[in-house]
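I'd like to ask some things about the structure below.
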Amino acid sequence: MSNLIFHLFQLQKIDSGIDALKKRRSEIASIIKNNTERVIIDGEIQKVTNKISEHQTQYDQLDEKIKAIKIKILHSEDSLYNGSIKNPKELQDIQSEIQSLKKQCSILEDEQLEEMVVMDELQEGENSLLKRLTDFDNRFNEIKDVLLTEDQTILLELTNKDQEKIASTKQISAQLLEEYESLRKTRNGVAVSSIEENCCLSCGATLTPAECQNAKSPSKVTYCPSCGRILYAD
């Protein structure tokens, strides 16, 4: 077994483990930060709230009109019955006006009732969305607690990995470490690849028997002819 490449391969395993842990931390942060569903629900609630407000305004405006008409009716009825008007034609005109005002009032009250029905339906929809939002928050907070616990565990694992890496790098020359780090940057984080069934495990290239044998050398660094990674064989 090549001590030189063995230590390099161990370092690669440590770094790959660190990369995986950091990737998972990034995924956790993304999941916690991603409130897309909540934003959507909030948006739907806001739309319904705006519609309720619009219909409430319509309802209030109708209410003001109805009140104004009812006041006119009271005044007209007072004029009709208080004896101040004697002319039959004027009395008939007042009666016609009262009937017209009552008809207008009835129409407006029907419209107002329609507004109430619409608002009730919208309110039910808003209540349903609010419950959906509460359920989402409860579910999300449970998931968040689990993820934050996992994240703390990962931080401890990263600390241990960093210590392992420090110990491992002491077994490798500065020149080889520099080459290793350079390969890591250009080979998607993998500078050292093991050999399985005469193939480079990273790129899948078939290796010759000589290349497989050279990868077992205790002092020679062998590279994959396809991807350029350092080969390790036990």
Side-chain angles (χ1 to χ4, degrees), residues 1-41 136-234:
M1 180 183 291
S2 169
N3 289 334
L4 180 69
I5 308 304
F6 172 76
H7 291 307
L8 205 59
F9 183 65
Q10 294 306 307
L11 177 60
Q12 177 65 75
K13 289 201 293 186
I14 293 169
D15 275 331
S16 293
I18 291 173
D19 290 343
L21 291 171
K22 287 181 176 180
K23 181 182 179 183
R24 180 54 183 164
R25 284 203 75 202
S26 179
E27 291 172 348
I28 289 172
S30 178
I31 293 171
I32 292 174
K33 186 179 179 180
N34 183 12
N35 281 328
T36 302
E37 184 176 348
R38 196 181 201 285
V39 171
I40 292 173
I41 299 173
F136 170 82
D137 284 340
N138 291 337
R139 186 172 68 254
F140 182 80
N141 287 333
E142 289 177 1
I143 295 173
K144 183 179 178 181
D145 288 342
V146 172
L147 290 175
L148 288 175
T149 299
E150 181 185 353
D151 189 63
Q152 289 301 310
T153 300
I154 290 174
L155 279 174
L156 292 175
E157 291 182 29
L158 282 171
T159 299
N160 293 333
K161 290 288 185 184
D162 286 339
Q163 292 175 349
E164 290 178 21
K165 182 171 181 176
I166 291 171
S168 182
T169 53
K170 291 179 180 179
Q171 310 297 321
I172 306 167
S173 68
Q175 181 180 351
L176 193 54
L177 274 175
E178 184 178 351
E179 182 181 359
Y180 166 82
E181 293 296 345
S182 178
L183 280 171
R184 284 242 311 152
K185 291 177 182 178
T186 59
R187 297 296 184 275
N188 199 29
V190 180
V192 183
S193 177
S194 60
I195 297 175
E196 285 192 11
E197 298 182 356
N198 298 326
C199 292
C200 172
L201 189 61
S202 294
C203 72
T206 301
L207 305 171
T208 65
E211 287 167 339
C212 293
Q213 187 60 39
N214 289 338
K216 296 180 180 181
S217 171
S219 57
K220 186 177 180 180
V221 179
T222 304
Y223 301 90
C224 173
S226 178
C227 67
R229 292 180 174 90
I230 297 171
L231 293 172
Y232 168 77
D234 55 18

Query raised in the report: Any side-chain heavy atom of Ile41 within less than 4.5 Å of one from Glu37?
Result: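 Yes, side chains in contact.
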Requested in this report: Kindly indicate whether the side chain of Gln175, heavy atoms from C-beta on, has any atom under 4.5 Å from the side chain of Glu178.
Outcome: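 Result no, sub-4.5 Å side-chain heavy-atom pair not found.
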Requested in this report: Examine distances only and state if a side-chain atom of Ser16 and a backbone atom of Gln12 form a donor-acceptor pair shorter than 3.5 Å.
Outcome: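 Yes; judged by distance alone, with no hydrogens or angles, the pair exists.
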Requested in this report: Please round to the nearest 0.5 Å and tell me the distance separating atom NZ of Lys33 and atom NZ of Lys144.
Outcome: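 Reported to 0.5 Å precision, the distance equals 13.0 Å.
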Report task. Taking the side chain as every heavy atom from C-beta outward, state whether Cys224 and Cys203 have any pair of such atoms under 4.5 Å apart. Result ->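 When only atoms from C-beta onward are counted, Cys203 and Cys224 do touch, with a gap below 4.5 Å.
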Report task. Show your working on side-chain contact (heavy atoms from CB on, under 4.5 Å) between Leu231 and Tyr223 and close with a plain yes or no. Result -> CA-CA 5 Å; Leu231 293 172; Tyr223 301 90; 5.9 Å; no
Query raised in the report: How many angstroms lie between OG1 in Thr169 and CG in Leu176, if you round to the nearest 0.5 Å?
Result: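 The distance works out to 12.0 Å.
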**Report entry** Residues which pass salt bridge (Lys or Arg N to Asp or Glu O under 4.0 Å) with Arg24, listed by chain and number, not counting sequence neighbours
**Finding:**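 If we apply the salt bridge (Lys or Arg N to Asp or Glu O under 4.0 Å) test to Arg24, skipping adjacent residues, the hits are Glu27, Glu150.
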Query raised in the report: In chain order, what residues pass the side chain to side chain donor-acceptor pair (under 3.5 Å) check against Asn198, with sequence neighbours excluded?
Result: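 For Asn198, no residue satisfies side chain to side chain donor-acceptor pair (under 3.5 Å) once neighbours in sequence are set aside.
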Query raised in the report: Looking at residues at least two apart in the chain, or sitting in another chain, which of them share a side-chain contact (heavy atoms from CB on, under 4.5 Å) with Asn214?
Result: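 Per chain and number, Asn214 pairs via side-chain contact (heavy atoms from CB on, under 4.5 Å) with Lys220, Thr222.
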Query raised in the report: CD/Gln213 to OG1/Thr208 distance, rounded to the nearest 0.5 angstrom?
Result: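 Between Gln213 CD and Thr208 OG1, I get 10.5 Å after rounding to 0.5 Å.
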Query raised in the report: Any donor-acceptor pair under 3.5 Å linking the side chain of Thr153 with the backbone of Thr149?
Result: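 Between the backbone of Thr149 and the side chain of Thr153 there is a qualifying donor-acceptor contact (under 3.5 Å).
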Query raised in the report: In chain order, what residues pass the ring-ring contact (aromatic ring centres under 6.0 Å, His included) check against Phe136, with sequence neighbours excluded?
Result: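 Per chain and number, Phe136 pairs via ring-ring contact (aromatic ring centres under 6.0 Å, His included) with Phe140.
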Requested in this report: Verify the neighbour count for atom CG of Asn34: are there more than 12 heavy atoms of other residues, nucleotides or ligands below 6.0 Å?
Outcome: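 For Asn34, atom CG is crowded (more than 12 foreign heavy atoms under 6.0 Å).
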Query raised in the report: Which pairs pass salt bridge (charged side-chain N to carboxylate O under 4.0 Å, His left out) with one or both residues in residues 162-175, sequence neighbours excluded?
Result: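 Listed once each, the pairs are Asp15-Lys165.
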Requested in this report: Output every pair passing ring pair (Phe, Tyr, Trp, His ring centres under 6.0 Å) with a member in residues 182-213, not counting sequence neighbours, ordered by first then second residue.
Outcome: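 For residues 182-213, and leaving out neighbouring residues, there are no ring pair (Phe, Tyr, Trp, His ring centres under 6.0 Å) pairs at all.
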Requested in this report: Start with the C-alpha distance between Leu155 and Asp151, add both sets of side-chain angles, then the distance that settles side-chain contact (heavy atoms from CB on, under 4.5 Å), and finish with yes or no.
Outcome: CA-CA 6 Å; Leu155 279 174; Asp151 189 63; 4.3 Å; yes
Query raised in the report: How many angstroms lie between CD1 in Ile28 and CG in Leu147, if you round to the nearest 0.5 Å?
Result: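 The CG atom of Leu147 is 5.5 Å from CD1 of Ile28, to the nearest 0.5 Å.
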Report task. Over all heavy atoms of both residues, which pair between Leu207 and Cys199 is shortest? Give the atoms and the distance, please. Result ->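 So the two residues come closest at CD1-C, 4.1 Å.
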Report task. Quick one: do Leu177 and Leu11 satisfy side-chain contact (heavy atoms from CB on, under 4.5 Å)? Show the steps, please. Result -> CA-CA 10 Å; Leu177 274 175; Leu11 177 60; 3.6 Å; yes
Query raised in the report: Where does the angle between the aromatic ring planes of Tyr232 and Phe6 fall among parallel (under 30°), tilted (30 to 60°) and perpendicular (over 60°)?
Result: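 Tyr232 vs Phe6 ring planes: tilted.
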Query raised in the report: What distance separates Ser173 OG from His7 NE2, expressed to the nearest 0.5 Å?
Result: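 Spacing of OG (Ser173) from NE2 (His7) equals 11.5 Å.
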**Report entry** Inter-residue atom distance Asn141.CG - Ile32.CD1, 0.5 Å rounding
**Finding:**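 Rounded to the nearest 0.5 Å, the CG-CD1 separation comes to 10.5 Å.
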Query raised in the report: Taking side chain as C-beta onward, heavy atoms only, is Asp19 less than 4.5 Å from Arg184?
Result: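 In contact.
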**Report entry** Side-chain heavy-atom pair Arg229, Leu183 within 4.5 angstrom cut-off
**Finding:**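 No, too far: nothing below the 4.5 Å cut-off.
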Requested in this report: Kindly say whether Gly228 contributes a backbone atom to a donor-acceptor pair with the side chain of Arg187 at under 3.5 angstrom?
Outcome: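 Absent.
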Query raised in the report: Would you find a donor on one side and an acceptor on the other, under 3.5 Å apart, between the side chain of Ser202 and the backbone of Ser193?
Result: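 Side chain of Ser202 to backbone of Ser193: no pair is present.
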